[in-house]
There are 2 protein chains.
Amino acid sequence: MQNTNIEDMELGQRLRAVREQAGLSQRALAKRADVTNSTISLIESGKVNPSVGALRRILQGIPIGMSEFFAFEPEPEKTVFYAAEELTEIGKGGLSLKQVGGNLIGRQLMILLETYELNADTGRVMYGHEAEEGGIVISGRVEVTVGHERKILGPGDAYYFDSRSPHRFRQVGPEKCVLVSACTPPSF
Amino acid sequence: MQNTNIEDMELGQRLRAVREQAGLSQRALAKRADVTNSTISLIESGKVNPSVGALRRILQGIPIGMSEFFAFEPEPEKTVFYAAEELTEIGKGGLSLKQVGGNLIGRQLMILLETYELNADTGRVMYGHEAEEGGIVISGRVEVTVGHERKILGPGDAYYFDSRSPHRFRQVGPEKCVLVSACTPPSF
DNA sequence: TCTGCATGTTCAATATTCTCAACACAAAGT
DNA sequence: ACTTTGTGTTGAGAATATTGAACATGCAGA
């Protein structure tokens, strides 16, 4: 249906450039890549939208990696501003965790708006990876336990600790608790 | 024929991870990406080898770029050693330029084995981009002109200059001239 | 329990890629 | 001129990706 897609054109042109840079003919590359020369011809002239597998085999014959091959494509812009309702919900139960930016890939920082309903409790948590986290309570009260230390924090109070310490957050008092936290690096 | 390819598996698993990280269901992402949910399902379960176009549309819905998506794949190892006959020939006429590494992509340096047949002459050359180059004569004699300076170099003699200076190499004497040169960065 | 809704999966049909073979062209050797 | 060898391109058919609709499951709420 959609013949001669412009993006395929650019991809094909790039493949041709890369192949010629490597001093390989379509057939020579086809042999290395275990595809047919026609496949390469069709891709380079933008007549087809190759499969990932075919493209990967071809690039391995050059050789060049997928990531490097696509490095010429502009990365989509990461959003800078997020409306309140655009924050990604990743919590569950009585604990709401709204993450700034739905997608952590390539980011150095995870920022969360945490809402603890009455009696919400994270239970005892411990992350194996090296990270640090901290936060500030906005409203309500929460009992925070880190290692052997325990304290009840109210509006304006804050915390900061190494994520490898076992820790636990539990809502206390008559109203739900809201706090903002940050963690680095995100768990991947 | 080849069902459940292992590389497709990994690609699918990665897509699933990325999608879930973004907090999107298959259908939600499908809608943004203008593909069907089945496509995403099949890709994630490794049952198909998606087309580049389909994968790109899907990733745009997340959003994440192709290069970043494939960053998890190890880049193919750049070859370290090259047999004499593996050097890529990029010259023509009486001038032979054998390039170390057929493919300059991602490299900081271009290294050439240059062979000038009798009376071979590069003519006057000037590169617009910022670069420096130098070399050492192995055998034979060559007359090198850089800017207003001119000198005949023999075995063991060397040169080094800014590529933006107009320059010219011309074989002189009774035997062909061989030299090794290096240039940084390669012209891209 | 039932309904409604959201999730991911699977099937048959359609659209597309990929292959194999042939073609057209150019350069080099005889 | 005529091969020979190399290049990229182009059909028709086999192989495969993508679609659209149905299916299965789980979960929340009445």
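Predicted model, so just to flag it, every value in this text is computed and none were measured. Just so we're on the same page: letters track the sequence lines, and every chain starts at 1.
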> Any side-chain N or O of A/Arg16 under 4.0 Å from OP1/OP2 of D/dT9?
Replying inline: yes

>> Under 4.0 Å, counting only non-hydrogen atoms across every strand here, what does B/Ser51 touch: a base, just sugar-phosphate, or nothing?
In response: sugar-phosphate

>> Could you tell me how far apart B/Arg19 (CZ) and C/dA6 (P) are, to the nearest whole angstrom?
In response: 16 Å

>> Please classify the nucleic acid contact of B/Leu42 as base, sugar-phosphate, or nothing, using heavy-atom distances under 4.0 Å.
In response: base

> Which ILVMFWY residues are connected to A/Val172, directly or by a chain of links, through side-chain heavy atoms under 4.5 Å apart?
Replying inline: A/Ile152

>> Test of understanding: with side chain to side chain donor-acceptor pair (under 3.5 Å), list the residues that count as partners of B/Gln26, not counting sequence neighbours.
In response: B/Glu44

> Counting N and O atoms only, with roles assigned by atom type, does the side chain of B/Asn49 sit under 3.5 Å from a partner on the main chain of A/Ser51, one being a donor and the other an acceptor?
Replying inline: no

>> With a 4.0 Å cutoff (strictly under), does any side-chain N or O of B/Lys47 reach OP1 or OP2 of C/dT9?
In response: no

> Can you list every pair that meets side chain to side chain donor-acceptor pair (under 3.5 Å) and has a residue in residues 137-154 of chain A, with sequence neighbours left out?
Replying inline: A/Glu143-A/Arg170, A/Thr145-A/Arg150

> Roughly, in whole Å, what's the span from CG in A/Asn49 to P in D/dA17?
Replying inline: 12 Å

>> B/Ser41: which residues meet the side chain to side chain donor-acceptor pair (under 3.5 Å) condition with it, sequence neighbours left out?
In response: none

> Can you tell me how far C1' of C/dC18 sits from CD of A/Glu44, to the nearest Å?
Replying inline: 15 Å

> Which salt bridge (Lys or Arg N to Asp or Glu O under 4.0 Å) pairs, counting each pair once, include a residue from residues 27-42 of chain B, with sequence neighbours left out?
Replying inline: none

> If you check every side-chain atom of B/Ile43, which of D/dT19, D/dT18, C/dG8 has the closest atom?
Replying inline: D/dT18

>> Check this for me: does the side-chain of B/Ser38 come within 3.5 Å of the base of D/dG20 through a donor and an acceptor?
In response: yes

> Does B/Asn37 get its side chain close enough to the base of C/dT9, under 3.5 Å, for a donor-acceptor pair?
Replying inline: yes

>> Treating A/Ser165 as the side-chain partner and A/Gly147 as the backbone partner, does any N or O pair qualify as donor plus acceptor under 3.5 Å?
In response: no

>> Between C1' on D/dT18 and CD1 on B/Ile40, what's the gap in Å once rounded to a whole number?
In response: 12 Å

>> Expected output is a numbered-order residue list: members of residues 25-36 of chain A with a heavy atom under 4.0 Å from any atom of DNA chain C. What is it?
In response: A/Arg27, A/Val35, A/Thr36

